[in-house]
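A note on names: the letters A, B, ... follow the listed sequences, proteins ahead of strands, and every chain is numbered from 1.
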Protein chains: 4
Amino acid sequence: MKKNKQQLKKQIQKRSAIIDAAIKTFSLKGFHQTKISEIAKHAEVADGTVYLYFKNKDELLMVAFDEIINEKLNIIKSKIDTDTTSLRKLLHFFKLHVKLFTEEPHLARFLSIELRQSSEFYQKYPEFKPLEKYTNFLEKLCQDTIQEGNIKPFDTKALAIIFYGTMDFLLLEWATGNQNFSLSKMEKKIVDILTNGLRIYSS
Amino acid sequence: MKKNKQQLKKQIQKRSAIIDAAIKTFSLKGFHQTKISEIAKHAEVADGTVYLYFKNKDELLMVAFDEIINEKLNIIKSKIDTDTTSLRKLLHFFKLHVKLFTEEPHLARFLSIELRQSSEFYQKYPEFKPLEKYTNFLEKLCQDTIQEGNIKPFDTKALAIIFYGTMDFLLLEWATGNQNFSLSKMEKKIVDILTNGLRIYSS
Amino acid sequence: MKKNKQQLKKQIQKRSAIIDAAIKTFSLKGFHQTKISEIAKHAEVADGTVYLYFKNKDELLMVAFDEIINEKLNIIKSKIDTDTTSLRKLLHFFKLHVKLFTEEPHLARFLSIELRQSSEFYQKYPEFKPLEKYTNFLEKLCQDTIQEGNIKPFDTKALAIIFYGTMDFLLLEWATGNQNFSLSKMEKKIVDILTNGLRIYSS
Amino acid sequence: MKKNKQQLKKQIQKRSAIIDAAIKTFSLKGFHQTKISEIAKHAEVADGTVYLYFKNKDELLMVAFDEIINEKLNIIKSKIDTDTTSLRKLLHFFKLHVKLFTEEPHLARFLSIELRQSSEFYQKYPEFKPLEKYTNFLEKLCQDTIQEGNIKPFDTKALAIIFYGTMDFLLLEWATGNQNFSLSKMEKKIVDILTNGLRIYSS
DNA sequence: GATGAATGAGGTTTCATTCAT
DNA sequence: TATGAATGAAACCTCATTCAT
């Protein structure tokens, strides 16, 4: 039925609007400082409507994370697709990660600060593994790079932790303004260290 | 006066008890889920007493961070003091960091999760730079190691970010149980990667 | 729309119920001793509902004053409307004021005691002039009476102060039970004094 | 014993210092906004010491009122002592009342605002009749004036209510800045009205 | 008597969530 | 399905008062 299709479309748009509003507001003000009514207002729906699409505020946060991570990961995937080696893909990933999140500073805060929810959050939602896809992809890239013989056969999980941990802390330092450094220069230096350390022909 | 001395001692003990209770409770339940009354109960003082020692809940959290960071940094400093080279000190630092925080799992959670508690904090307290001392010391170690000729003359700030970011994310992965790995093995692998990447005579 | 009309009506009733409950409770226990939860219970709404209609407790008190003053002033206005001279209106006003507030003793307390509750209010809300309308009307009556040639051309502001001050203190003495007098007799005596003046050789 | 005398003197001074501090602070900030610790600090005693001299904050307020009223009444009494007729004393009383309280504006607030404690206060302390002495003296003056044949034989209680009510409301209007009038002019006008009476054809 | 550290009861207000319309 | 008015639980912090020293 056409009617149903249109309705369905409308609903999907509404859901999407809510998520967008949630991401923007969470990023800007932090999870606890964000009121559902604010999100509803930005999404141009009633407060109660939010609860037709999401069980509660926690779920909305988790979905918001998921959307962001998926969106950015897909952008990254498509952009590194044309790189000729996995090593290049890996380094390109690093650069893109920094670029994508610092282009929208509130997303940098979102990722480096808000993502780390309270201990109770992890206990309450054991299935909450927001970075899993992201770090898995990173690990996969490391595996490929090793197979292609461009980095030494290190443990790929360890490599992924080093990579993600470094990117994440770099963004935190930048987002909180703790350090007064040029982000692009710092990024190059870090890539330099990681590659020169990791390359098979590093000598 | 003896009286004053005894009172002072009592007060120091009380303050300490409150901080300990705060750290434990914050770690367990998260900052926003922790009630002052819980902390007070654990510290065996009245609710109001907490406010004789700390201006408010925020300050209590910040002081708790500071105490933990200082305490652990001092332990680390004293333990690596006998290491003969800065490179050894650096790697020892890494191991001790992981050890000290995973020996007390709530501290691992405290550091890797609660420390990032929400942008609200960084916005409200721009002077809140809990890790400054820690990463500064790390950077100093890197400088020394470079001067001693044991790692290539990389940018020391970049090195510190890689080191701390990696340690931090490793603890997070461990604390949230996202990954099912042996912490000690993972740690060795990471150290392996970082050292083989960094050494001057890495070939 | 019918629906909206009904809802609006309901809301007006709810607002009114809250104000009534507030006046009664404030009068009975005093502003600082009155808990919002008590008011809510008396008004048969939830605590939070009070805050849908009033910004906070302070505003509720001020609105309550305003409502009472307006209500009583309107009653008085309509009742003195048929009096043939302004002098009669003026004296009638005096009697009605005493009557209206002593018929509902909690209102007498509200006006003579709670209204003066603490400088904090006057300092915090300089625009809080609860009696302005009331004394202005009183002053206007005095002007008219003078123009009609029934009292000497005294300063009207001074007259208003005498009238209101006397009525107010009379109610206070009555409400606090400090004096053991017949209110109606006292009222007559006061009116007698005010109209006839003090001096023996006034003729 | 000399010792005891000195100690007693010290204690009286301490009690007096506390009352003075209380009056100043209550006047300035209002009863509810005043903390016992502030009073103690101003009186240069420990918080607990206040409770050696006064049962609680309420009692301290009541004593403070009493002291002020007594002090001012005594000043007035001594100043009007040389007036040759009771009528002159009465009018002089009015002027002195206004003068004494407006010379120290915080006292004007204290008397016209803070004196009217909450309804519960009057219920809790039925013996709290702060103005009794004052209005009794006023009434006595009226009696004398009547006996001396200088005002008509009106009811003296009614006269006292008019006098005190007018003075009190005049001070309130002045203290809260509601009216923009010259206090001294207004005072003269009021006295004029009270003495000359309202009616044009009063004979 | 004097101290002041410690106590702990108490209340306003917010806001996630519900549910009658 | 959508609304948004209503709900009511929940907790930080203050400060009068106490009491061990």
Side-chain angles (χ1 to χ4, degrees), chain A residues 4 7-8 10-11 14 32-41 44-60, chain B residues 1-4 6-8 10-11 14-15 32-41 44-58 60, chain C residues 1-4 6-8 10-11 14-15 32-41 44-58 60, chain D residues 4 7-8 10-11 14 32-41 44-60:
Chain A
N4 278 348
Q7 277 196 339
L8 193 65
K10 223 179 179 179
Q11 284 176 31
K14 214 162 256 192
H32 289 285
Q33 275 59 48
T34 296
K35 297 176 231 169
I36 288 289
S37 63
E38 277 179 285
I39 294 174
K41 192 189 270 180
E44 292 179 317
V45 298
D47 292 17
T49 306
V50 174
Y51 288 85
L52 297 176
Y53 292 89
F54 303 94
K55 217 176 64 202
N56 53 32
K57 199 182 170 188
D58 285 2
E59 194 191 283
L60 185 49
Chain B
M1 279 159 280
K2 245 191 178 169
K3 252 189 190 171
N4 277 347
Q6 281 188 343
Q7 273 201 341
L8 195 64
K10 223 179 179 179
Q11 285 180 30
K14 212 160 261 193
R15 193 190 131 97
H32 283 102
Q33 279 65 45
T34 295
K35 291 174 258 170
I36 288 289
S37 64
E38 283 178 281
I39 294 173
K41 194 189 269 182
E44 291 179 318
V45 298
D47 291 17
T49 306
V50 173
Y51 290 86
L52 295 177
Y53 291 89
F54 304 95
K55 216 177 62 203
N56 53 32
K57 200 181 167 188
D58 285 4
L60 182 51
Chain C
M1 280 156 280
K2 247 193 177 170
K3 251 189 191 171
N4 277 347
Q6 281 189 340
Q7 274 201 342
L8 195 64
K10 223 180 180 176
Q11 284 179 31
K14 211 160 261 193
R15 192 189 130 97
H32 284 101
Q33 278 66 45
T34 295
K35 289 174 257 170
I36 288 290
S37 63
E38 279 177 283
I39 295 174
K41 195 189 268 179
E44 292 181 315
V45 297
D47 291 16
T49 305
V50 174
Y51 289 86
L52 295 177
Y53 292 88
F54 305 95
K55 218 176 63 202
N56 53 33
K57 200 183 169 188
D58 284 5
L60 182 50
Chain D
N4 278 346
Q7 278 196 339
L8 193 65
K10 226 180 180 178
Q11 284 176 31
K14 214 163 257 193
H32 285 101
Q33 276 59 49
T34 296
K35 297 176 230 167
I36 288 289
S37 63
E38 277 179 284
I39 294 174
K41 193 189 269 180
E44 292 179 317
V45 299
D47 292 15
T49 305
V50 174
Y51 288 85
L52 297 176
Y53 292 89
F54 304 94
K55 217 177 65 201
N56 53 32
K57 199 183 171 187
D58 285 2
E59 193 190 284
L60 185 49

_Pairwise distance CG(C:Leu60) to CD1(C:Ile39) - rounded to 0.5 angstrom_ = 5.0 Å

*Take atom CG of A:Asp58 and atom P of E:dT17, then tell me their distance rounded to the nearest Å.*
7 Å

*Is atom CD of B:Glu44 surrounded by more than 12 heavy atoms (other residues, nucleotides or ligands) closer than 6.0 Å?*
no

*Would you indicate whether the side-chain heavy atoms of B:Val45 and B:Leu52 approach each other to under 4.5 Å?*
no

*Rounded to the nearest 0.5 Å, how far apart are CD of A:Glu59 and OH of A:Tyr51?*
11.0 Å

*Between C:Phe54 (CZ) and E:dT14 (C1'), how many Å, whole number?*
18 Å

_Rounded distance in Å - NE2 (C:His32) to C1' (F:dA16)_ = 15 Å

*Contact class for B:Ile36 vs. all strands (heavy atom < 4.0 Å): base, sugar-phosphate, or nothing?*
sugar-phosphate

*Residue list, side-chain contact (heavy atoms from CB on, under 4.5 Å) with C:Lys41, at least two apart or on another chain*: none

_Pairs counted only when both distances fall under 3.5 Å, Watson-Crick or G-U: show me the 5' to 3' dot-bracket for DNA chain F, [ ] for pseudoknotted crossings and | for other-strand partners._
.||||||||||||||||||||

*Looking only at heavy atoms, which two atoms of B:Lys57 and B:Thr34 are closest? And how far apart?*
NZ-O, 2.7 Å

_Quick check: closest heavy atoms across C:Gln33 and D:His32, and the distance to 0.1 Å?_
NE2-NE2, 4.2 Å

*To the nearest Å, give me how far apart NZ (A:Lys57) and C1' (E:dT14) are.*
11 Å

*Could you give the CG-to-P distance, from A:Asn56 to E:dC15, as a whole number of Å?*
17 Å

*asked:* Output one letter per nucleotide in nucleotides 3-10 of chain E: B when a protein non-hydrogen atom lies under 4.0 Å from the base, S when only the sugar-phosphate is that close, - when neither is.
replied: BBSBBB--

*Atom CD in D:Gln11, atom CD in D:Gln7: separation rounded to 0.5 Å?*
6.5 Å

*Expressed in angstrom and rounded to an integer, what is the separation of C:Tyr51 atom OH from F:dA9 atom C1'?*
14 Å

